[in-house]
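The chains referred to below are lettered A, B, ... by the order of the sequence lines, with proteins before strands, and numbering in each begins at 1.
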2 protein chains.
Amino acid sequence: MATRTRRSERRRQVLTRERIIETAVELLDTTGADALTVRALTSRLATGPGAIYWHIGNMSELLEAATDAVVATALAPRSAEPAEPAGAGEAAATPQDEIRAAALGLFDAVTRHPWLAAQLAVQFTRNPWGPVTLRIFESIGRPVRALGVPRSEWFAVASTLVHYLLGATTQTSQNAAPLSAADRAAFLDTASRAWQELDPDDYPFVRAIAEQMRGHDDREQFLTGVDLVLTGITTLHPPTAPGSPAPAPERLAQKGRPAR
Amino acid sequence: MATRTRRSERRRQVLTRERIIETAVELLDTTGADALTVRALTSRLATGPGAIYWHIGNMSELLEAATDAVVATALAPRSAEPAEPAGAGEAAATPQDEIRAAALGLFDAVTRHPWLAAQLAVQFTRNPWGPVTLRIFESIGRPVRALGVPRSEWFAVASTLVHYLLGATTQTSQNAAPLSAADRAAFLDTASRAWQELDPDDYPFVRAIAEQMRGHDDREQFLTGVDLVLTGITTLHPPTAPGSPAPAPERLAQKGRPAR
DNA sequence: ACCTGAACACCGTTCAAGT
DNA sequence: ACCTGAACACCGTTCAAGT
């Protein structure tokens with residue numbers, strides 16, 4: 001490829017933390033998570049390991065920074081169609097729409113960057129309140145507030161949404177490059193078949209859904225899940241709009257927990 | 001410690017796949033995820049790497065098997081109090097209770113095995129329909145069925161619950177050994193303080209919940225989230241019991257999705 | 001202050017050779 | 001069939017030495 005011209009042009013730039021992170025993301029996108037090594041970085045940046053370690057503390061810090069950078073742009077409100085007349089027919093987005101937009105931003109980022117799902121999971125478990133989590137929390141929390149959820153429930157409600165998002169986006173991953181439509185269909189087909197051959201005593205439910213999982217669309221199902229959680233939120237914490245009947249959430253209240 | 005007696009007694013046993021998995025879990029529990037290496041295994045089993053690789057394909061297969069083993073016992077319905085007269089005062093568990101029980105089984109397993117959270121995440125992203133996911137799906141899916149959710153929604157509803165569970169349990173991890181109450185309080189305190197010093201323009205929401213996050217209880221909040229999702233499920237798919245008014249889920253229906 | 005590059009202390013995995 | 005143990009091809013990270 002155009003490696004030679006690229007590399008020499010590169011070398012003219014100074015080595016900065018930002019450029020290392022940027023290169024890491026490129027490497028992750030093009031060659032996959034396993035191929036991001038210090039040696040790969042040094043050769044792409046035409047430098048030595050010492051130079052890398054001068055700017056970044058260690059490999060996992062770099063991974064965190066790369067993940068944070070990608071998540072930041074994924075959650076940034078897109079300016080969408082700048083050609084469209086601003087503020088014309090565009091009704092103000094509802095809090096639900098904002099939550100869906102943030103959720104989709106994350107979802108689409110994971111499909112664009114196949115390595116992201118695993119990294120989100122790693123970041124989330126290794127450093128539960130690190131920059132990545134905080135960023136997601138903020139994007140989800142603001143609309144939760146606007147939803148009219150009582151202040152005492154902000155943390156719990158936002159957590160629930162964030163946890164759902166992270167679970168859902170991390171499962172929606174292609175390890176390697178994104179699959180073609182045909183490959184995806186083939187994959188789902190074999191999986192579905194395998195499920196149908198599971199032991200009926202051990203896996204009755206999985207067998208029963210084998211058929212419908214074959215035809216499912218990840219993105220659509222993701223949104224269905226978001227809406228389900230949103231329904232839970234607005235049912236438990238109905239907006240205090242005038243005329244709203246405020247249905248009492250009897251059965252699933254806090255107190256009704258299992259004894260043991 | 002009693003390493004010598006233990007090791008020689010060990011050596012008398014034959015090396016089997018099961019024993020390797022069992023030893024891997026011990027190693028993970030006692031020395032942490034980073035310390036589970038082939039070399040550590042060989043020394044603990046008093047054998048060589050070749051012997052290990054005769055029984056298991058590679059390291060990540062072993063990790064998957066170890067995770068699956070722990071998850072299996074975590075989800076197995078506990079016989080609870082065997083001293084108690086069976087079937088006496090015990091009313092049949094509701095589907096909700098069964099879901100909560102499975103969820104708590106997973107949650108408690110993650111706190112008992114600090115390495116489990118990360119491994120669940122890895123398993124879930126690397127092999128989205130592997131044995132671990134399937135097992136969790138089955139435990140959650142059965143009660144979902146019993147909840148009266150229409151068949152066409154089984155997959156979507158079970159997925160939503162599983163995704164929430166996985167997101168929530170993977171964040172609830174202590175990297176190393178479980179923290180003492182005092183350490184936990186100190187940790188939450190510093191985190192809370194750090195949140196309050198974030199930029200008010202960038203992180204208004206996180207700042208606003210800093211105080212309540214300091215006092216939160218992971219397990220309680222986890223259950224709150226489960227109940228929130230359950231509320232969403234029963235609201236969208238009310239059980240068709242006679243006398244149930246079956247409220248129409250107008251606002252958050254499938255069709256009301258954002259255009260872009 | 002910033003970078004070089006050899007060297008260190010590990011990894012997972014393989015494989016000829018044994019029994 | 002099952003196990004041994006040396007060897008291979010990698011890792012991330014450090015650090016004296018340069019500019």
Examine B:Y164 together with A:Y164 and report whether their ring centres are nearer than 6.0 Å. no

Are B:F205 and A:F137 side-chain neighbours, meaning at least one heavy-atom pair lies under 4.5 Å? yes

Contacts of B:R39 that satisfy side-chain hydrogen bond (donor to acceptor under 3.5 Å, both in side chains) - sequence neighbours left out: none

Among D:dG12, D:dA6, C:dG12, the one nearest B:P49 by side-chain distance: D:dA6

Electrostatic pair B:R184-B:D218, nearest N-O below 4.0 angstrom: yes

When you check the gap from the basic side-chain N to the acidic O, do A:E197 and A:R207 get nearer than 4.0 Å? no

Value in whole Å for how far the P atom of D:dC3 lies from CG of B:L15: 5 Å

Is it true that A:R142 and A:E138 have a side-chain N and a carboxylate O under 4.0 angstrom from each other? yes

For DNA chain C, what string of dots and brackets results from 5' to 3' when Watson-Crick and G-U pairs need both distances under 3.5 Å, crossing pairs get [ ], and pairs with another strand get |? ||.|||||...|||||.||

Atom-to-atom span, CG of A:L36 to P of D:dC10 - whole angstrom: 17 Å

Starting from P on D:dG5, measure out to CZ on B:R39 and report it in whole angstrom. 14 Å

Whole-Å distance between D:dC3 P and B:L41 CG? 14 Å

Whole-Å distance between D:dA9 C1' and A:D34 CG? 15 Å

Check this for me, if you would: do A:R112 and A:D29 make a salt bridge, where the nitrogen-to-carboxylate-oxygen distance has to be below 4.0 angstrom? no

In plain terms, say whether B:R126 and B:E64 are close enough for a salt bridge, that is, a side-chain N and a carboxylate O under 4.0 Å apart. no

Per the under-4.0 Å heavy-atom filter, residues of residues 50-64 of chain B near DNA chain C come out as B:G50, B:Y53, B:N58, B:M59

